[in-house]
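Whatever order the structure lists them in is the order used to number ligands and atoms, beginning at 1.
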Amino acid sequence: MYRTHNCGELRMSHEGETVTLAGWVQISRGFGGLTFVDLRDRYGITQLVFNMDEDAELCQRALKLGREFVIQAEGVVRERSNKNANRPTGDIEIDVKTLTILNGSKTPPFTIEENTDGGDELRMKYRYLDLRRKSLQEKIIFRSELAIESRKYLAEKGFLEIETPYLIKSTPEGARDFVVPSRMNPGQFYALPQSPQTFKQILMVAGMDKYFQIVRCFRDEDLRSDRQPEFTQIDCEMAFVHQEDILNTFEGLTKYLFKTTKDIELGDFPRMTYDDALRLYGSDKPDLRFDMQFKELNDLAKGHGFSVFDDAELIVGICLKGKADDMSNKTFKQLTEWLKRPQIGAKGLVHVKFQGDGSIKSSVGKFYTAEQLQSWGSYFGAKAGDVLFILSGEAEKTRTQLSALRLELAAKYDLIQPGVFKPLWVIDFPLLEWDEDSERYHAMHHPFTSPKKEDIVKMESSDRKVLADIRADAYDLVLNGSEIGGGSIRIHDRALQERNFKLLGFSEEEAEAQFGFLMGAFEYGAPPHGGIAFGFDRLAAVMNGSASIRDYIAFPKNNQGRDMMIDAPAGISREQLDELYLDTKNPNLSAET
Ligand code: ASP
């Protein structure tokens with residue numbers, strides 16, 4: 001037996017017991033005729049003690065143990081004289097009688113401690129060492145619990161866990177595909193799924209009724225800190241459901257996961273239409289952990305000779321509470337510069353400061369009287385000490401800019417309390433989204449999403465305004481300003497699906513070639529159905545207040561899409577290229593040139 005206990009479980013109640021532990025040497029140090037070794041495993045750290053007077057040779061061997069050596073130690077549990085209240089095992093130590101070195105270790109390239117000295121790339125290369133650190137272990141363990149609890153909830157609700165293929169067909173809709181050449185079919189390629197969307201719908205046609213899968217998805221997109229080329233979804237689909245059934249089932253899942261993994265009770269989730277989300281927060285994923293709703297000022301601010309406002313489609317602002325006296329002209333200047341950066345692209349920022357002494361200061365004081373500015377303040381419910389921030393211009397862009405400012409102010413002035421969770425359903429998304437570059441419509445969610453029944457007639461219109469107005473039975477689950485899930489009720493009727501493809505600019509032939517199998521299936525008794533997918537990595541991160549999903553993935557890729565540990569992607573041999581019918585003359589294709 002390698003061990004009788006793990007390194008996190010021994011307490012005073014074990015005093016006097018002979019135990020065997022195994023694990024990694026965190027540190028070994030000598031102190032007045034004693035050697036202390038901190039022995040670590042996934043469960044914790046236990047102190048081992050070796051006594052010079054009892055066994056000098058053993059004590060010397062212990063002193064020579066390097067960091068990360070793998071050892072086994074047998075000894076007796078005893079009370080510690082100087083207890084460590086910060087450690088669950090801090091009341092006891094092991095008086096070691098035998099020591100076995102199971103494996104040595106080179107000196108690790110960075111310290112395996114909470115505040116490690118290793119940089120990002122180095123830690124990714126030695127991911128197995130980084131993963132020994134407690135905070136990373138906790139994240140991977142949390143992820144495991146989240147997966148297991150998801151399965152429990154969904155199984156209890158009658159869902160079947162069904163796998164769908166990873167080698168499928170490339171389609172132009174959505175993000176870029178990763179492709180895999182087929183050796184057996186010269187010149188042909190599989191694509192890795194961006195999601196199991198069409199398969200889960202076919203499973204509904206096949207009568208499976210309730211499906212889920214914790215499944216890898218692949219999207220060849222430019223990477224950001226919260227994106228990975230492969231990521232995991234809790235993917236779900238149900239037959240004979242309305243939107244309401246889906247929202248209830250998955251609100252239930254989210255509450256259950258919070259309860260079981262974090263012991264947090266979430267109340268009922270509020271709902272907001274997509275239109276309201278944009279109007280009130282300038283975003284389809286508003287962060288409701290702090291207030292600052294948008295208010296529109298067109299009626300109050302136009303017609304007073306300030307041409308920037310007079311010419312604007314929209315004048316819209318937010319009110320920051322209680323910070324007026326902290327904000328100097330320099331602060332406003334910095335915020336203005338920040339807003340003018342190309343990433344945001346605002347033209348300027350107007351502020352109105354309701355100072356503690358009752359006076360009002362504004363960057364547009366020349367154009368408006370104190371009474372007029374006061375009326376803006378009343379409209380916002382502003383009191384002495386509050387500041388209004390106002391942007392203007394083209395409506396959609398201005399809302400997006402103000403949304404960015406709202407988030408920036410929340411971060412700058414610590415408006416978000418840690419440990420607070422604010423879920424929100426955003427519903428009634430538009431069916432279509434106009435793309436200026438390609439001059440055609442894209443599906444806002446995906447092309448299988450059903451328009452609302454009452455809006456189906458609008459699909460016959462050629463008026464862009466009418467088409468933009470079509471609402472879908474599509475919904476997103478937003479948590480603390482992150483989209484953690486999204487789905488829709490699907491089209492289950494061939495004619496309507498054909499009509500939708502036509503709106504999206506597919507010719508009949510294209511639609512048939514790419515999605516004929518799905519439309520064919522709709523002709524054999526497809527039940528009404530709908531579903532949702534949760535971004536599993538993101539859910540794990542957001543539930544722990546983290547902005548990045550990387551630490552919640554055991555083996556993530558870096559910003560260039562590289563796996564630093566195995567050094568992928570990499571070239572392949574001429575023989576492999578040949579077998580796959582790839583251009584063997586292209587020197588970039590082979591590692592062997
Ligand atoms: N397949 C969709 C996605 O990946 C989710 C869904 O509609 O169920 O976003």
Going by the atom numbers of ligand 1, which of them fall below 4.0 Å from some non-hydrogen atom of [X]?
{"X": "Gly487", "answer": "6 (C), 7 (O)"}
{"X": "Ile532", "answer": "8 (O)"}
{"X": "Gly486", "answer": "5 (C), 6 (C), 8 (O)"}
{"X": "Lys200", "answer": "6 (C), 8 (O)"}
{"X": "Ser195", "answer": "1 (N), 4 (O)"}
{"X": "Gln233", "answer": "3 (C), 4 (O)"}

Can a side-chain donor-acceptor contact be found between Tyr441 and Glu433 if the only test is distance below 3.5 angstrom?
no

Verify whether one side chain among Arg471 and Thr273 offers a donor that lies under 3.5 Å from an acceptor in the other.
no

Ser283 and Arg406: CA distance, side-chain angles, deciding distance, side chain to side chain donor-acceptor pair (under 3.5 Å) verdict
CA-CA 11 Å; Ser283 163; Arg406 178 179 175 268; over 6 Å; no

State, to 0.1 Å, how close Ser488 and His446 come at their nearest heavy-atom pair, and which atoms those are.
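What the structure gives for the nearest pair is OG-CE1, 3.8 Å.
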
List the closest protein heavy-atom neighbour of atom 9 (O) of ligand 1: residue, atom name, distance to the nearest 0.1 Å.
His445 CE1, 3.9 Å

To the nearest 0.1 Å, how far is atom 2 (C) of ligand 1 from its closest protein heavy atom, and which atom is that?
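Nearest neighbour among protein heavy atoms for atom 2 (C) of ligand 1, to 0.1 Å: Gln197 OE1, 3.5 Å.
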
Is it the side chain (CB and beyond), the backbone, both or neither of Arg219 that lies under 4.0 Å from ligand 1, heavy atoms counted?
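The answer is the side chain.
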
I need the contact type for Arg490 against ligand 1. Using non-hydrogen atoms and a strict under-4.0 Å cut-off, is it side chain, backbone, both or neither?
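Arg490 to ligand 1: side-chain contact only, backbone stays beyond 4.0 Å.
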
Would you say His446 and ligand 1 have an N/O pair spaced under 3.5 Å apart?
yes

For Asp287 and Tyr281: C-alpha separation, side-chain torsions, deciding distance, then whether side chain to side chain donor-acceptor pair (under 3.5 Å) applies.
CA-CA 8 Å; Asp287 191 337; Tyr281 297 96; over 6 Å; no

Does the side chain of Phe555 reach to within under 4.5 Å of the side chain of Ile566, using non-hydrogen atoms?
no

Atom pair CD/CG of Gln233 and Leu539 - distance to nearest 0.5 Å
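CG of Leu539 is found 12.0 Å from CD of Gln233.
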
Checking Lys262 against Phe142: charged group under 6.0 Å from the ring centre and within 45 degrees of the axis?
yes

